[in-house]
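Labels below follow one simple rule: chain letters A, B, ... track the order of the sequence lines, proteins then strands, and each chain is numbered from 1. When reading the values below, keep in mind they use all heavy atoms of this one structure, side chains included, and skip hydrogens, waters and symmetry mates. All values derive from a computational prediction rather than experimental measurement.
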Number of protein chains: 2
Amino acid sequence: MKKIDILKKLRSSGLRPTKQRVEIARFLFEREKTFHFTVESLNKFFEKKTTSKIALATIYNTVHAFKNAGHLSEVEVRGKKTYFDTNVSNHHHFYDSDTSELIDIDANDVIIQKIPKAPNGKKIKNIEVFINLKN
Amino acid sequence: MKKIDILKKLRSSGLRPTKQRVEIARFLFEREKTFHFTVESLNKFFEKKTTSKIALATIYNTVHAFKNAGHLSEVEVRGKKTYFDTNVSNHHHFYDSDTSELIDIDANDVIIQKIPKAPNGKKIKNIEVFINLKN
DNA sequence: TTTTCACTTTAGAATCATTATAAACTAAAA
DNA sequence: TTTTAGTTTATAATGATTCTAAAGTGAAAA
Ligand SMILES: [Mn+2]
Ligand SMILES: [Mn+2]
Ligand SMILES: [Zn+2]
Ligand SMILES: [Zn+2]
């Protein structure tokens, strides 16, 4: 992902490209593969980089802005912390409760043959499949 | 569910049948159909019954004991509160985010034709399907 | 019957992720 | 240069959950 795209992501989220926000955006989006993270893990990363300490509130605010703009999705995982995902396409997950690790499953790798009708007056928005793992 | 089964559920959870625990167990298990609840909803119910106020800590303790004994399951739902389920069989859920309501789907009503292999060294424990609803 | 004692209940404190607040800061525009 | 809207930040507040420690309960022992 190029720098111009980082700026585009920020602008489309209603965020001015400040130093802190650009750093967060680069960490999230300047990589080969998408990944899953928590606010805590993000914060730890920036704490280690002594060059740049970013306030926790700024991390929360920026992550939420990206999420609201559709640049991040939220994955529901057992436990207290909220997991975010830079993969915003329709996909599924393996979940390894031993390591608390999420692994993406491409939507095409899951075929559902039969599902029940939606309740009266409701429609199906999307289907999420979680495959829980054990050793 | 008969009173003897209530006592059985308590005993198999390592709990003596005290007045409070029996009340909780009867509310959870003495009904035709299984249901989903939060600790908050349980607590509200007992607050209304002026005959019996049960401390929040007792509700938490009892619910966790039932869960550990396999008499309750936990359903992962978006949002802060933990949802419990008196349906402990393998099944799936509709989730209506408008009303925060969970609706059971029988395991037989979902047929999955294709799933990916588990990652190296891991096995599949179970599969959970969430069908999110909209209006 | 009285005492003992392990188990319970309970109110309130502590924890921890998240959200809110409000003061200081920044930089573009006037 | 001044204004101003937007931003960062430290800290406080919130809310679900867990912990704690003191008081209560009741079955069995003495
Ligand atoms: Mn969760
Ligand atoms: Mn949840
Ligand atoms: Zn993912
Ligand atoms: Zn259910």
Side-chain angles (χ1 to χ4, degrees), chain A residues 6-7 9-27 36-47 49-69 72-85 100 102, chain B residues 6-7 9-27 36-47 49-69 72-85 100 102:
Chain A
I6 292 295
L7 298 185
K9 278 213 161 56
L10 284 165
R11 275 195 294 267
S12 61
S13 306
L15 299 177
R16 284 188 188 173
T18 64
K19 178 171 155 289
Q20 291 88 340
R21 288 166 175 172
V22 170
E23 267 203 80
I24 295 170
R26 292 188 62 184
F27 179 71
H36 305 98
F37 65 93
T38 64
V39 167
E40 190 194 23
S41 70
L42 265 193
N43 190 43
K44 276 199 179 120
F45 173 79
F46 290 111
E47 274 177 348
K49 294 189 66 187
T50 44
T51 45
S52 54
K53 189 185 149 205
I54 301 178
L56 193 56
T58 300
I59 297 177
Y60 270 105
N61 290 340
T62 306
V63 165
H64 282 142
F66 282 143
K67 188 198 156 193
N68 293 334
L72 291 175
S73 61
E74 200 180 316
V75 185
E76 199 50 45
V77 175
R78 214 153 305 249
K80 298 164 209 187
K81 296 193 208 83
T82 300
Y83 278 71
F84 294 94
D85 195 342
S100 299
L102 283 167
Chain B
I6 292 295
L7 297 184
K9 280 214 158 59
L10 284 166
R11 276 194 296 266
S12 60
S13 306
L15 300 176
R16 284 187 188 172
T18 63
K19 178 173 153 291
Q20 291 88 339
R21 289 166 174 171
V22 169
E23 265 202 83
I24 294 170
R26 292 188 62 187
F27 180 70
H36 307 97
F37 65 93
T38 64
V39 167
E40 190 195 24
S41 70
L42 265 194
N43 190 44
K44 278 201 178 120
F45 174 79
F46 290 113
E47 274 177 349
K49 293 190 66 186
T50 45
T51 45
S52 54
K53 188 185 149 204
I54 302 178
L56 194 55
T58 301
I59 298 177
Y60 271 105
N61 290 340
T62 306
V63 164
H64 282 144
F66 283 142
K67 188 198 155 191
N68 293 334
L72 290 175
S73 61
E74 200 180 317
V75 185
E76 198 51 41
V77 175
R78 212 151 306 245
K80 300 163 204 186
K81 297 191 209 85
T82 301
Y83 279 71
F84 294 94
D85 195 342
S100 297
L102 284 166

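Atoms CD1 (I54(B)) and P (dT8(C)) sit 15 Å apart, rounded to a whole Å. Atom CD in E40(A) sits roughly 11 Å away from atom P in dC16(C) (whole-Å rounding). The nearest whole Å value for the distance from the CG atom in L42(A) to the P atom in dA17(C) is 14 Å. dA14(C) atom P lies 17 Å from atom NZ of K80(A), rounded to whole Å. As a whole-Å value, the separation of R21(A) CZ from dG6(D) C1' is 8 Å. Note: CD1 (I24(A)) to C1' (dT8(D)) measures 11 Å, nearest angstrom. Summarising the geometry, the separation between CZ on F37(A) and P on dT18(C) is reported as 11 Å, rounded to the nearest angstrom. The separation between L10(A) atom CG and dT7(D) atom C1' is 13 Å, rounded to whole Å.
An OP1 or OP2 oxygen of dT9(D) is reached within less than 4.0 angstrom by no side-chain nitrogen or oxygen of K19(A). Within the structure, every side-chain polar atom (N or O) of H64(B) is placed at least 4.0 Å from both OP1 and OP2 of dT17(D). In terms of phosphate contacts, R16(A) brings no side-chain nitrogen or oxygen within less than 4.0 Å of OP1 or OP2 of dA27(C). Regarding contacts with the backbone of dA17(C), every side-chain N or O of K81(B) stays at 4.0 angstrom or more from both OP1 and OP2. Considering only side-chain N and O atoms, T18(A) lies under 4.0 angstrom from the phosphate OP1 or OP2 of dT8(D). Checking the phosphate oxygens (OP1, OP2) of dT25(D), no side-chain nitrogen or oxygen of Q20(B) falls inside 4.0 Å. Contact annotation: Y60(B) reaches the phosphate of dT17(D) (side-chain N/O to OP1 or OP2, under 4.0 Å). Listed pair T58(A) / dT7(D) fails the phosphate criterion, with no side-chain N or O lying under 4.0 Å from OP1 or OP2.
Where L56(B) and L15(B) each meet DNA chain C at their nearest nucleotide, the meeting point lying more 5' is that of L15(B).
Taking all atoms of both residues into account, the shortest heavy-atom contact from I6(A) to A25(A) is CD1-O, 3.5 Å. Between F37(A) and D85(A) the shortest heavy-atom distance is CE2-N, 4.4 Å.
Contact check for H64(A) versus F84(A): side-chain heavy atoms found under the 4.5 Å cut-off.
Applying the side chain to side chain contact (heavy atoms under 4.5 Å, CB included) criterion to E40(A), with sequence neighbours excluded, gives T38(A), K44(A), K81(A).
Note that the NZ atom of K9(B) and the CG atom of L72(B) stand 9.0 Å from one another [nearest 0.5 Å].
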